[in-house]
Structure formats: structure tokens, C-alpha cells
> 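I have a structure I would like to understand better, so I am pasting it below and will then ask my questions one at a time.
Residue numbers count from 1 along this sequence.
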Amino acid sequence: MTQNPQETVIGRITSVFGVKGWLKVFSFTDPKEGILEYTGWVLDLDGKRIPVKLEEGRRQGQAIVVRLKGISDRELARTYCGAEIRVPTTELPVLPEGEYYWHQLEKLDVFTVDGECFGCVDHLIETGSNDVLVVHATAGSIDQRERLIPYLPGEVVREVDLAARKMIVDWDPEF
């Protein structure tokens, strides 16, 4: 399913937890518990959109576990496993100037400081030390290579222009 431009994915339901309908969630928010601040979720499961209400949630070891309204048994909960959790982008906090949500960077065209096109940002990867842009080639790219470019604003990423849908990077085309 194509992502609704007014929504962003904040996590994924991975498995059931216990026998009373609780679910284990992989959170894309930072910190992980941030996902619990959004109570009106839309689940995307096999192309179906399912609005749900978060009743309660907590950290459980390294995971987040949640209970959704109306789900009180393990078998019903299991039917939601694998669903992406989406929220309206209007619910996201406004970031300081120069900071961006991943969904804002996805699909930006990426150019070198010399004007060569690498392609567009497909997605980002969290590595621990810094995020990494996964740039896929497009028809106008200098070649057909996929590139992994560290997301280091001021060092590698020189400019992000959301209005023009482009990013300028200081990155060697040979990498």
C-alpha cells in the first residue's frame, strides 16, 4: 500500500504478548516509548486500513507492549501481527529548523555539490552511530548504483530543500 502523504509510519506490530490480547510493537520513534504518546493509530495490514485506539502501553525489556481497545484475547491479537502503525503527520511535534523526520527525507532527489545526480532517497537505516540514506538510482542518475550515504548534516549533507524536493551532499561518486 502506498503511504498516505498525510500519515507516517511510527512502528510495526511484531507479535502477541501474553494471553490477554497484548501486542509487542517495534517502535520507530526516538525514544522508543514515544510511540505511546499517539493514541489514534491507523494500522496498515495487507493493504487494509484499520483505525484503532491505544488503551495502554509500556516498556517491557527492550520492547514496547500495548493493549488496543476491543482486543482482549491472544487469537484476535495475532490477526494484527505484521501491521504498520501510522499516525497523521499533523500529530508529530514541530522540529527545530534544520531537523527533519525520515519521511520528509524519503523521495528527495540527491545531488553532489558538483550537481551530479545520485538518484533519490528510498529510505534510511539507523546504524547506531549515525543514520544512513539509502539512495536508489533514477533515470537521471550518473549510474545505476545504489548508494549508502551517511546522514551527517553539515559534513556530508550540505543542504536539504524540502520545497524543491532535493538534497545536496558532499560525497564522492566513486563510493
Side-chain angles (χ1 to χ4, degrees), residues 1-96 98-110 119-138 146-151 153 160 162 165 167:
M1 178 176 183
T2 304
Q3 181 164 317
N4 179 336
Q6 286 81 38
E7 293 178 345
T8 191
V9 178
I10 61 168
R12 176 172 280 113
I13 296 175
T14 58
S15 61
V16 293
F17 179 79
V19 296
K20 296 186 178 183
W22 283 70
L23 292 157
K24 207 178 262 191
V25 168
F26 184 81
S27 173
F28 300 153
T29 64
D30 183 19
K32 288 182 183 184
E33 295 87 352
I35 197 168
L36 302 174
E37 295 174 18
Y38 305 94
T39 57
W41 294 356
V42 174
L43 302 183
D44 180 356
L45 184 63
D46 299 325
K48 291 183 289 190
R49 295 172 48 80
I50 307 162
V52 296
K53 187 82 170 155
L54 176 65
E55 285 283 299
E56 61 182 310
R58 67 177 185 271
R59 183 112 188 198
Q60 182 72 34
Q62 292 299 311
I64 301 292
V65 294
V66 300
R67 187 172 62 82
L68 301 177
K69 185 174 185 169
I71 300 174
S72 58
D73 73 81
R74 185 178 179 88
E75 291 314 307
L76 180 56
R78 187 183 313 279
T79 64
Y80 292 93
C81 292
E84 285 186 339
I85 302 164
R86 298 172 183 263
V87 296
T89 54
T90 55
E91 289 188 24
L92 300 175
V94 175
L95 294 175
E99 291 187 26
Y100 305 95
Y101 288 106
W102 282 13
H103 75 272
Q104 293 176 299
L105 300 176
E106 292 171 348
K107 306 302 177 224
L108 292 186
D109 291 320
V110 180
C120 77
V121 178
D122 184 70
H123 62 281
L124 287 91
I125 302 169
E126 184 178 356
T127 65
S129 57
N130 57 266
D131 297 333
V132 174
L133 301 160
V134 179
V135 179
H136 286 180
T138 58
E146 175 184 84
R147 287 186 168 76
L148 302 178
I149 301 174
Y151 183 72
V160 173
L162 296 180
R165 304 295 306 148
M167 177 185 300

> Which ring pair (Phe, Tyr, Trp, His ring centres under 6.0 Å) pairs, counting each pair once, include a residue from residues 26-77, with sequence neighbours left out?
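Applying ring pair (Phe, Tyr, Trp, His ring centres under 6.0 Å) to every pair that reaches into residues 26-77, excluding sequence neighbours, yields Phe26-Phe28.
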> For Glu33, which residues count as a side-chain contact (heavy atoms from CB on, under 4.5 Å) partner, sequence neighbours excluded?
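So Glu33 forms a side-chain contact (heavy atoms from CB on, under 4.5 Å) with Pro31, Arg59, Ile64.
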> Ignoring hydrogens, what is the shortest heavy-atom contact between Asp109 and Cys120? Give both atom names and the distance.
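Shortest heavy-atom separation between Asp109 and Cys120 comes out as OD1-CB, 3.7 Å.
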> Would you say Val134 and Leu148 make side-chain contact, with heavy atoms under 4.5 Å?
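When only atoms from C-beta onward are counted, Leu148 and Val134 do touch, with a gap below 4.5 Å.
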> Among residues two or more places apart or on two chains, list those pairs meeting side-chain hydrogen bond (donor to acceptor under 3.5 Å, both in side chains) that have a residue in residues 70-80.
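The answer is Glu75-Arg78.
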> Only distances under 3.5 Å count here; give the side-chain donor-acceptor pairs of residues 11-25 to other protein atoms, sequence neighbours excluded, each with its distance to 0.1 Å.
residue, atom, partner, partner atom, Å
Arg12, NH2, Glu84, OE2, 3.1
Thr14, OG1, Lys24, O, 3.2

> Considering all heavy atoms of both residues, which atom of Leu92 and which atom of His103 are nearest to each other, and what is their separation?
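Smallest interatomic distance, heavy atoms only, reads CD1-CE1, 3.5 Å.
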> For Met167 and Leu108, which heavy atoms make the closest approach, and how far apart are they?
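Scanning both residues, the minimum pair turns out to be CE-CD1, 4.0 Å.
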> Which residues satisfy the side-chain contact (heavy atoms from CB on, under 4.5 Å) test with Pro96, sequence neighbours excluded?
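Per chain and number, Pro96 pairs via side-chain contact (heavy atoms from CB on, under 4.5 Å) with Glu99.
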> Can you name the residues that form a side-chain hydrogen bond (donor to acceptor under 3.5 Å, both in side chains) with Glu37, not counting sequence neighbours?
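By the side-chain hydrogen bond (donor to acceptor under 3.5 Å, both in side chains) rule, Glu37 matches no residue at all.
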> Could you tell me which residues satisfy side-chain hydrogen bond (donor to acceptor under 3.5 Å, both in side chains) with Gln60, sequence neighbours excluded, listed by chain and number?
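Once residues adjacent in sequence are excluded, the partners of Gln60 under the side-chain hydrogen bond (donor to acceptor under 3.5 Å, both in side chains) criterion are Arg58.
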> Do Thr29 side-chain atoms and Ile35 backbone N/O form a donor-acceptor pair below 3.5 Å?
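Checking the backbone N and O of Ile35 against the side chain of Thr29, a donor-acceptor pair under 3.5 Å is found.
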> Begin with the C-alpha distance, continue with both residues' side-chain angles, and end with the deciding distance and a verdict on side-chain contact (heavy atoms from CB on, under 4.5 Å) for Ile85 and Leu43.
CA-CA 5 Å; Ile85 302 164; Leu43 302 183; 3.8 Å; yes
> Apply salt bridge (Lys or Arg N to Asp or Glu O under 4.0 Å) to Glu146 and list each qualifying residue two or more places apart in sequence or on a separate chain.
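For Glu146 there are no salt bridge (Lys or Arg N to Asp or Glu O under 4.0 Å) partners, ignoring immediate neighbours.
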> Considering residues at least two apart in sequence or located in another chain, which fulfil the salt bridge (Lys or Arg N to Asp or Glu O under 4.0 Å) criterion with Arg147?
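Partners of Arg147 by the salt bridge (Lys or Arg N to Asp or Glu O under 4.0 Å) criterion, ordered by chain and then number, come out as Asp143.
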> Can you tell me which residue pairs pass the salt bridge (Lys or Arg N to Asp or Glu O under 4.0 Å) test with a partner in residues 62-71, sequence neighbours excluded?
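Residue pairs with at least one partner in residues 62-71: Glu55-Arg67, Glu56-Arg67.
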> In residues 122-130, what donor-acceptor pairs under 3.5 Å come from side-chain atoms, sequence neighbours left out?
residue, atom, partner, partner atom, Å
Thr127, OG1, Asn130, N, 3.3
Thr127, OG1, Asn130, O, 2.3

> Could you tell me which non-hydrogen atom of Leu36 sits nearest to which non-hydrogen atom of Leu54, and how far apart they are?
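Smallest heavy-atom distance, with atoms named: O-CD2, 3.7 Å.
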> Less than 4.5 Å apart, side chain to side chain, heavy atoms only: is that true for Thr8 and Tyr101?
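With C-beta onward as the side chain, the pair stays apart.
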> Mind checking what makes side-chain hydrogen bond (donor to acceptor under 3.5 Å, both in side chains) contact with Glu91, not counting sequence neighbours?
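Result, side-chain hydrogen bond (donor to acceptor under 3.5 Å, both in side chains) vs Glu91: none returned.
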